[in-house]
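Everything on this sheet refers to the single structure shown next.
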Number of protein chains: 2
Amino acid sequence: MSCNTILKAKGYRLTPQRRVILDILHGGDAHLTADIIYEQVRDKVAGVNRSTVYRTLELMESLGLVVKAELHGTHVYHHSEEGHHHHLKCRQCGRVVELPEESMSLLRETLLEKQGFAADLNHHVITGLCRECRE
Amino acid sequence: MSCNTILKAKGYRLTPQRRVILDILHGGDAHLTADIIYEQVRDKVAGVNRSTVYRTLELMESLGLVVKAELHGTHVYHHSEEGHHHHLKCRQCGRVVELPEESMSLLRETLLEKQGFAADLNHHVITGLCRECRE
DNA sequence: TTAATTGCAAACAATTTGCATAGAA
DNA sequence: TTCTATGCAAATTGTTTGCAATTAA
C-alpha cells in the first residue's frame with residue numbers, strides 16, 4: 001500500500017507539499033535531515049514553509065511511514081520501507097559502523113512474542129566502545 | 001572504581017561542580033534532563049552555570065560514566081552503573097513501557113563476538129506499535 | 001605555578017506555536 | 001462547503017561558543 005493511499009485512508013489530505021516531501025524521502029539518500037529535506041523541497045516547489053516540513057515529517061512518523069533517528073548529533077529521517085540497517089557508534093572515537101538488519105531480527109521476534117510489541121527496529125544507533133578503543 | 005578515581009586517572013580535575021553533578025546523577029531518579037540536573041545543582045550550590053552542566057555531562061558521557069538517551073522527545077541522562085533497562089515506545093499512542101535489561105543481553109553478546117563492539121545497551125528506546133494499537 | 005575549568009553573556013540551531021488564509025475533499 | 005493544512009512571523013527550547021578570570025593539582 002502506497003503512502004498516498006495510507007494517508008487518504010486515515011482521512012488526511014494529500015497536498016502538493018506532502019507529495020513532494022514523500023517523493024524526496026523515497027527518492028533520495030537515507031539519513032536526510034529536516035533541513036536538507038526542506039532545501040530539496042524548495043528546489044522543486046517555491047514557497048513551501050519550514051514548519052510544513054516539520055509538520056509533515058511528524059505526521060508521517062506517527063503513521064509509521066517515516067523513521068526518525070538520531071545520528072551524528074542531529075535527527076535524520078528516511079522512509080520506512082528502505083533497506084533497514086543499524087549503527088554502531090563508538091562513544092570514544094565517534095566512528096560509526098553500519099550493521100545489517102538481520103543482526104536485530106532475533107530481538108524483534110522476542111519482543112513480538114513476549115510483549116506483543118511490533119518493534120520497528122529499522123534504524124537504531126547503538127553506542128559503545130569499538131574494538132580499537134577498547135585498546 | 002569510582003567516578004572520582006576515573007576522572008583523576010584520566011587527568012581531569014575533580015571540581016566542586018563536577019562533584020555535585022555526579023552526586024545528583026547517582027542519588028537521583030533515572031531519566032534526568034539537563035535542565036532538571038541544572039536546577040538540582042543550583043539547589044545545592046549557587047552560581048553554577050548551565051554551560052558547566054552541559055560540559056560536565058558531555059565529558060562524563062565520553063568517559064562512559066553517564067549515559068545519554070532520547071526519551072519523551074528530549075535528552076535524558078543517568079549514571080551508567082544504574083540498573084539498566086530499555087523502553088518500548090509506541091509511535092501511535094506514545095505510551096512507554098519499560099523493559100528489563102536481560103531482553104537485550106543476547107544482542108550484546110552477538111555484537112561483542114561478531115563485531116568486537118562492546119555495546120553499552122543500557123538505555124535504549126525502541127519504537128513500534130504496542131499490542132493495543134496493532135488493534 | 002600553570003593548564004584545566006568555570007562563569008558570563010551572547011550566539012546559535014532546531015523546532016514549535018498562534019492565527020488568518022488557502023485549498024483538498 | 002467544510003474543515004484540514006499551509007504560510008508567516010515570532011517565540012521557544014536546548015545547546016554551544018569565546019574569552020577573561022578562577023582554581024585544582
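Protein chains get the first letters and strands the later ones, always in sequence-line order, with residue 1 at the start of each.
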Inset, instruction - Kindly indicate, with the supporting measurements, whether the criterion side chain to side chain contact (heavy atoms under 4.5 Å, CB included) is fulfilled by B/Asp23 and B/His26. - result: CA-CA 5 Å; B/Asp23 270 5; B/His26 280 85; 5.9 Å; no
Legend entry - Any pair counted as side chain to side chain donor-acceptor pair (under 3.5 Å), so long as it reaches residues 50-61 of chain A, sequence neighbours left out: A/Asp35-A/Arg50, A/Asn49-A/Ser51, A/Ser51-A/Arg55
Inset, instruction - Rounded off to whole Å, could you give me the CG-to-C1' distance for the A/Leu14 and C/dG23 pair? - result: 13 Å
Inset, instruction - Could you check how far CZ of A/Arg13 sits from C1' of C/dA22, rounded to whole Å? - result: 10 Å
Inset, instruction - Decide yes or no for A/Cys90 and A/Leu129: does some side-chain heavy atom of the first lie under 4.5 Å from some side-chain heavy atom of the second? - result: yes
Inset, instruction - Compare all side-chain heavy atoms of B/Val20 with those of B/Gln40 and state whether any distance is below 4.5 angstrom. - result: no
Inset, instruction - Check whether any side-chain N or O of B/Thr127 sits under 3.5 Å from a backbone N or O of B/Lys89 as a donor-acceptor pair, and report yes or no. - result: no
Legend entry - Check: A/Arg131 side chain, B/Phe117 main-chain N or O, donor-acceptor pair, under 3.5 Å: no
Legend entry - Straight-line distance of B/Ile126 CD1 to A/Leu107 CG, nearest 0.5 Å: 5.0 Å
Inset, instruction - Classify every nucleotide of nucleotides 9-18 of chain C by which part a protein heavy atom approaches to under 4.0 Å, writing B for the base, S for the sugar-phosphate alone and - for neither, in 5'-to-3' order. - result: -----SBBBB
Legend entry - Bounds of contact between DNA chain D and chain A, in 5' to 3' order, using a heavy-atom cut-off under 4.0 Å: D/dC3 to D/dC8
Legend entry - Which residue lies more 5' along DNA chain D, comparing B/Gln17 with A/Pro16 via nearest heavy atoms: A/Pro16
Inset, instruction - Would you mind classifying the nucleic acid contact of A/Gly47 as base, sugar-phosphate or nothing, using non-hydrogen atoms under 4.0 angstrom? - result: sugar-phosphate
Inset, instruction - Report yes if the distance between the aromatic ring centroids of A/His31 and A/His75 is under 6.0 Å, otherwise no. - result: no
Inset, instruction - Could you tell me whether the phosphate oxygens of C/dT5, OP1 or OP2, come under 4.0 Å of any side-chain nitrogen or oxygen in B/Arg18? - result: yes
